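Small disclaimer: the values here were computed from a predicted structure and weren't measured. Order of listing sets the numbers, starting from 1, for every ligand and every atom in it.
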Amino acid sequence: MEQRLLQSYRDELMQLEEKSNLRSLPEIIHRERDVIRRGRQMLNLSSNDYLGLASDISLRREFLESLTPENFLPSSSSSRLLTGNFEANRDLEDLLCRLFGAESSLVFSSGYHMNTGILPAVCNSRTLILADKLVHASLIDGIRLSKAGFARYRHNDFEQLESLLYKNHADYERIIIVTESIFSMDGDEADLRRLVALKKSYPHVMLYVDEAHAVGTRGGKGLGCAEEQGCIADIDFLTGTFGKALASVGGYIVCSRVIRDYLVNKMRTLIFTTALPPVNLMWTRFIMERFGSFADKRNYLKKISYRLREQLAAKGYECPSTSQIIPVMIGDSGSAILKAEDLQRKGFYMLPVRPPTVPEGTSRIRISLTASIRAEEVEHLISLL
Ligand SMILES: *Cc1c(COP(=O)(O)O)cnc(C)c1O
C-alpha cells in the first residue's frame with residue numbers, strides 16, 4: 001500500500017522529467033562573484049545581488065567590526081508580539097520611515113511572508129483584488145489565502161484594469177490593485193503614476209506595489225521605482241524585500257500608521273513566526289544607511305543592462321525588459337536547458353526558467369545583471385548569444 005502511494009509521486013516526477021521540467025537543488029560552491037558547479041567555475045549571472053553588495057567582503061568586514069558577543073544575537077527566540085521585538089527592529093523601521101518620508105513601516109521575515117500575510121489580513125469578502133497577470137507566486141498565494149474577490153488584468157493593460165474598476169466599483173466596499181514595479185520574469189516595469197491616477201478615480205481603491213527587484217536599483221536614493229516616479233506617498237502598500245539588492249533577508253512595508261497597527265493585530269505571517277534575528281536586522285540597517293552612496297553602482301548597472309538589452313534586440317531576440325533582469329526568450333524547455341548548459345560551459349552561470357514559473361512555451365534563460373560584472377564580461381556574453 002505504502003509503495004503504491006509513493007509510486008504516484010514517482011510517476012509525477014517522471015512526467016516532469018519527460019517534459020524537461022524536473023527540478024533539483026543545484027550543488028554549488030560560491031567564490032565571491034563566481035559559482036563552482038561540477039568542478040566548473042562560472043560568473044554568477046543568476047543571483048539577485050543586483051548591486052554586488054552580498055559578494056563585497058569589505059562591507060562585511062566593516063560590519064563585523066561593530067559586533068561584540070553581547071550585540072551579536074543570531075536569534076530573536078520569539079515572535080515580535082511576545083519577546084522577539086528587539087531594538088534592532090525599531091531601529092530598522094525608524095530608518096525606513098526616515099528614508100521614505102513615511103508615517104510608518106513594518107519589517108517581516110521575508111518577502112514571501114510579507115506577500116502571503118498582508119493581503120489576507122487587510123481583505124474581507126467585500127474586498128476585490130485586481131492583480132496584474134504576471135505578479136509573483138507569493139502574491140498569488142496571498143490572494144488565494146484572502147477572502148477577497150479576485151480578477152487578473154492582462155500584464156500592464158491599464159485599459160482593461162480601468163474597465164474592471166468601472167464594472168466592479170459599486171459592488172465592493174474596497175478594491176486593491178496589486179502589481180510589481182519591476183516584474184520578476186520579464187524584467188519590464190509598471191507605470192506607477194498611471195496606476196496612482198487610476199486608483200484616485202475612485203475613493204475606495206488602494207494600491208499595493210511590490211518593489212522586490214527595484215529597491216536598491218532605482219531612484220536617486222535607491223528606494224525603488226516609486227521614488228524614481230515621484231509617487232511614494234500615493235502608494236497605500238509600498239513593499240519590498242531585503243533579500244535581493246540589499247544583500248540581506250526580510251521584507252518591509254511602508255504605509256500609514258493605521259495599516260501598520262492593523263497588520264500587527266491581524267497578519268498571521270507576522271504574528272505566528274519567530275522574528276528575524278537582531279544581527280540580521282542590524283546588517284540590513286547597515287546596508288540601508290549606505291544606500292544613497294551606491295548611486296554609482298546603480299548607474300553602472302543601468303548602463304550595462306541597457307547595453308545587453310540593446311544587443312539582444314539587435315540579434316533579433318524579443319526583449320520586453322527595461323531593467324537588469326533580462327530574459328533571453330527560447331520557447332520550449334528542452335532548448336532552454338541546452339542553451340543554458342552551453343553558456344555555462346563558456347563560463348556564465350545562467351539558468352533556464354521553465355513552466356510553471358513562466359507560461360508554457362515561453363521558457364527562457366534569465367540573466368540577472370549585477371553591478372559587480374565588468375563591461376568586458378558583458379561584451380563577451382553578448383558575443384556568445
Ligand atoms: C523574490 C520576490 C519575493 C519574495 O521575497 P523573499 O524575500 O525572497 O521571500 C516577493 N515578491 C517578488 C516580486 C519577488 O521577486
Strictly by ring-ring contact (aromatic ring centres under 6.0 Å, His included), give each pair with a member in residues 319-352 just once, sequence neighbours left out. Phe348-His380
Ring-ring centroid check Tyr252 Phe242, cutoff 6.0 Å: yes
Once you round to the nearest 0.5 Å, how far does CG of Leu119 lie from OH of Tyr208? 5.0 Å
Pairs under 3.5 Å, nitrogen or oxygen of ligand 1 with protein nitrogen or oxygen:
unit_1, atom_1, unit_2, atom_2, d
ligand 1, 7 (O), Gly111, N, 2.8
ligand 1, 7 (O), Thr241, OG1, 2.6
ligand 1, 9 (O), Gly111, N, 3.1
ligand 1, 9 (O), Tyr112, N, 2.8
ligand 1, 11 (N), Asn115, ND2, 3.4
ligand 1, 11 (N), Asp210, OD2, 2.6
ligand 1, 15 (O), Ser184, OG, 3.4
ligand 1, 15 (O), His213, NE2, 2.6
ligand 1, 15 (O), Lys244, NZ, 2.5

Do NZ/NE/NH1/NH2 and the carboxylate oxygens of Glu27 and Arg38 come within less than 4.0 Å? no
For Glu376, does the CD atom sit with more than 12 other heavy atoms under 6.0 Å from it, leaving out its own atoms? yes
Hey, does Pro277 have a side-chain heavy atom less than 4.5 Å from the side chain of Leu73? no
